[in-house]
S.K.: 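Here it is, the structure in full.
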Amino acid sequence: MLPPESTLKLTDISSPADIREFTLPELKALAAEIRQEIIRVITSNGGHLASSLGAVELIIALHYVFNTPYDQIVFDVGHQTYAHKLLTGRAGQFSKIRLAGGLSGFPKREESPYDTFNTGHSSTSVSAAAGLAAVRDLLGQTDRKVVAVIGDGALTGGMALEAINHVGGLQKDLLIVLNDNRMSISPNVGAISQYLSLKMTSPELLYLRDRVKKTLEKILPQRGKRVIRRFQMAEEALKGFLVSPNSFLACWGFKYLGPIDGHDLEKLIQAFHQVRNLNRPVLLHVLTTKGKGYPPAEQNPLEFHGLGRTKKEAAKTTEEKKPESEPVPVKVSPVPPATYTQVFGRFLLEQAPQYPNLVAITAAMSQGTGLEDFFLKYPQRAFDVGIAEQHAVTFAAGLAAGGYRPVVAIYSTFLQRAFDQLFHDVALSNLPVIVAVDRAGLVGEDGPTHHGGLDLSFLRLLPNFTVMAPKDEHELKAMLKLALTVDGPVAVRYPRGPVSGRPRPAEPRPLTPGQGEILKRGGDLTIIALGQTVWPSYEAALILETKGLSCEVINLRFIKPIDRALIIKSAESTGHVLTAEENSLTGGLFGAVSEILAQRPLAAPPVVVRAVGMTDDPVNQATQVQQRIGLGLDSHGLAEAALALFRP
């Protein structure tokens, strides 16, 4: 809580201006209260806990020194911005963050003027901030400052480096704050991350440097400053010899400052005041601890990077922990159902001995894509390329060209970044790359920036690709097994969340590319579904039976190659078709079915086609169940859409 002399609470803060007269002790108390509020809400609602806890002091100092929103702050990814939301008049709404009708879990311009730029994907902040700085210069607003806050993980993204090169060349007045917590989601990889972890930035050396400085100032009050300066010159020379951040960034036209302790408010404020007056490109290197103030998250930041919605647990800070002598009650929780991601990861692990040329690739998401066990068991056959989806795909193409069978596991929303690589480097050469498209369709509380609603549309454009989506976990395994035998590129898309739990078929049959299946026969209406919408479509057909409507349900399985014969035969038999998909209605399943039926001879029987899926309107944060109901992709919504086909 805030000190007794202050009566201001988080809910009383309407803007950062309210904190700019705070004393340092008040700011520290505010940081503690913000941290407690983040822990309280996010352990209940789910969300990005560890990253936001690590950025509390950094965000307080930014808003304390800079005149926001006139001065503009662009946060990379945006999953670290909960303190920012609490300081910008949204504390009263914070308890509903990531819930339907509540705050977004990411910066959103429509939500607040303090959210300068909408984000959700990584490595975009410097480019966006450079654009805002260019506008400032064109308008002659020389007193306006622009700040990009980027993590060391996001700095590995090629787009960030392209932007740094551009800004350095233009010599724009722009501050980049490098929030270095040595992690993105999975531990960082690559030369840049290793470079930032040089001994010159170790806590031990920073502590020693600070102690030497204070000692010299005390024992040599007159000559101390000159001696300190000589030590600093020697340190810079050593940094240069080691190819330091200072010399590295100087080549890009940037002034490098740091590293400084990202949890020391006094030092942060001093540093921001200093750089505010440097009218040139500056990179301020800040060291933070992911999960700061919440021991479970500090000890396991990977596990606490993003929490799903769970029953609220008591979130204790270090000071509030029970004495070790006090017995801790043992909680027994039911084993949660497996997720599609876990089924994928386990399958790959099972197949590895049979396929010695099988390799796995991830873009900084080994745990998120279910590959952590594969990485542990087969480290020589597992590659984490960092936040670089484009490189991941072309790297896979190189492996495939060399005779290996690479499996690239990428979330659908991030795969969008690598479209050209999928086309130019994989599809045109017909290389046997397997793309595991995780989090396809609606993803729940992460909202519009993370839905996988475009992959069916853009993957079916690619030559030589086989594109499929399973109706359940059993079909996912069958599709992955098929993918290992296809002589060409394959994409398998599957949803976020738990598996269906349906029993395994008694006699599973091998899949044939381009062949769908009829789950239920009927004569009045054909429902064509793919992936996550198949079982809701089947259940909708059972509902419609009670209303006197006989429905045929097709599990299409493949959108490329597509079962044209099955679609045409069923559609012409019933005369009415309803498509159901967790994808954009533009270019996805609806587009594919419409194209097939439109290409029939003019004399062919007429067919009425309607669709249920994702429209151009963004699907905001809510649970996946709520989102599906909102779009009519649940069984009752699909039944209602089917009935509407027969109304005048």
Side-chain angles (χ1 to χ4, degrees), residues 156 158 186 189-191 341 343-366 369-412 414-415 417-438 455 458-470 476-494 510-514 558 560-561:
T156 65
S186 296
V189 297
T341 299
V343 170
F344 158 75
R346 291 167 187 167
F347 175 86
L348 221 60
L349 205 58
E350 292 166 3
Q351 298 300 312
Q354 301 174 45
Y355 294 89
N357 65 339
L358 179 68
V359 294
I361 301 166
T362 182
M365 300 288 286
S366 58
T369 56
L371 291 174
E372 65 269 37
D373 290 338
F374 192 98
F375 269 68
L376 288 172
K377 190 166 183 179
Y378 299 102
Q380 300 304 313
R381 295 163 61 182
F383 302 92
D384 186 341
V385 302
I387 302 178
E389 292 83 6
Q390 300 96 318
H391 169 60
V393 171
T394 303
F395 176 62
L399 282 160
Y404 274 74
R405 177 75 68 161
V407 180
V408 190
I410 299 179
Y411 289 7
S412 172
F414 302 137
L415 186 63
R417 296 179 154 205
F419 177 74
D420 183 60
Q421 287 73 22
L422 289 167
F423 169 70
H424 181 271
D425 302 326
V426 176
L428 287 183
S429 297
N430 197 27
L431 291 169
V433 172
I434 299 172
V435 185
V437 188
D438 199 339
D455 58 85
F458 68 74
L459 286 170
R460 63 179 287 260
L461 298 174
L462 300 171
N464 296 316
F465 254 87
T466 298
V467 183
M468 45 189 161
L476 172 59
K477 292 180 184 178
M479 288 181 174
L480 291 168
K481 187 71 174 176
L482 173 64
L484 289 170
T485 67
V486 173
D487 186 20
V490 179
V492 184
R493 61 118 60 179
Y494 46 92
L511 300 181
T512 300
F558 299 85
K560 187 169 188 162

S.K.: Hey, mind stepping through F558 and L482 against side chain to side chain contact (heavy atoms under 4.5 Å, CB included) and telling me if it holds?
M.R.: CA-CA 12 Å; F558 299 85; L482 173 64; 3.7 Å; yes

S.K.: Does a side-chain heavy-atom distance below 4.5 Å link F414 with I387?
M.R.: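 Heavy-atom side-chain distance check fails, nothing below 4.5 Å.
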
S.K.: Could you tell me the separation between the NZ atom of K477 and the CD atom of Q351, rounded to the nearest 0.5 Å?
M.R.: 10.0 Å

S.K.: Can you confirm whether T466 sits close enough to P561 that some side-chain heavy atom of one is under 4.5 Å from a side-chain heavy atom of the other?
M.R.: yes

S.K.: Got V435 and V426 here, is their nearest side-chain heavy-atom distance under 4.5 Å?
M.R.: no

S.K.: Less than 4.5 Å apart, side chain to side chain, heavy atoms only: is that true for M365 and Y411?
M.R.: yes

S.K.: With rounding to the nearest 0.5 angstrom, report the CZ to CG distance, F383 to L371.
M.R.: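 The CG atom of L371 is 12.5 Å from CZ of F383, to the nearest 0.5 Å.
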
S.K.: Before you tell me yes or no, could you show the steps for D438 and T341 under side-chain hydrogen bond (donor to acceptor under 3.5 Å, both in side chains), namely the whole-Å CA-CA distance, both residues' side-chain angles and the distance that decides it to 0.1 Å?
M.R.: CA-CA 7 Å; D438 199 339; T341 299; 2.8 Å; yes

S.K.: Would you say the side chains of D425 and T394 form a donor-acceptor pair under 3.5 Å?
M.R.: yes

S.K.: Angle between ring planes, Y378 versus F374, binned at 30° and 60°: parallel, tilted or perpendicular?
M.R.: tilted

S.K.: Do K560 and L459 have side chains that approach each other closer than 4.5 Å (heavy atoms only, starting at C-beta)?
M.R.: no

S.K.: Indicate the atoms forming the closest heavy-atom contact of F458 with L462, along with that distance.
M.R.: O-CG, 3.6 Å

S.K.: Measuring from L415:CG to E389:CD, what's the distance to the nearest 0.5 Å?
M.R.: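 That separation rounds to 8.5 Å.
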
S.K.: For a quick test of reading the model, state the closest non-hydrogen atom pair linking M479 to P470 and the distance between them.
M.R.: SD-N, 3.4 Å

S.K.: If you count the non-hydrogen atoms of other residues, nucleotides and ligands that lie under 6.0 Å from OH in Y404, is the total more than 12?
M.R.: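 Open.
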
S.K.: Determine whether V433 and V393 make a side-chain contact, defined as any pair of heavy atoms from C-beta on separated by less than 4.5 Å.
M.R.: no

S.K.: Once you round to the nearest 0.5 Å, how far does OG1 of T362 lie from CD1 of I410?
M.R.: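 If I round to the nearest 0.5 Å, the distance is 7.5 Å.
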
S.K.: Could you measure the distance from the CG atom of L348 to the CG atom of D373? Nearest 0.5 Å is fine.
M.R.: 11.0 Å

S.K.: Under a plain distance cut-off of 3.5 Å, with no hydrogens placed, do D384 and S366 share a side-chain donor-acceptor pair?
M.R.: no

S.K.: Heavy-atom distance under 4.5 Å between the side chains of P463 and L428, does that happen here?
M.R.: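 Counting from C-beta outward, P463 and L428 do come under 4.5 Å.
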
S.K.: Roughly how far, to the nearest 0.5 Å, is the CZ atom of F344 from the CG atom of L476?
M.R.: 8.5 Å

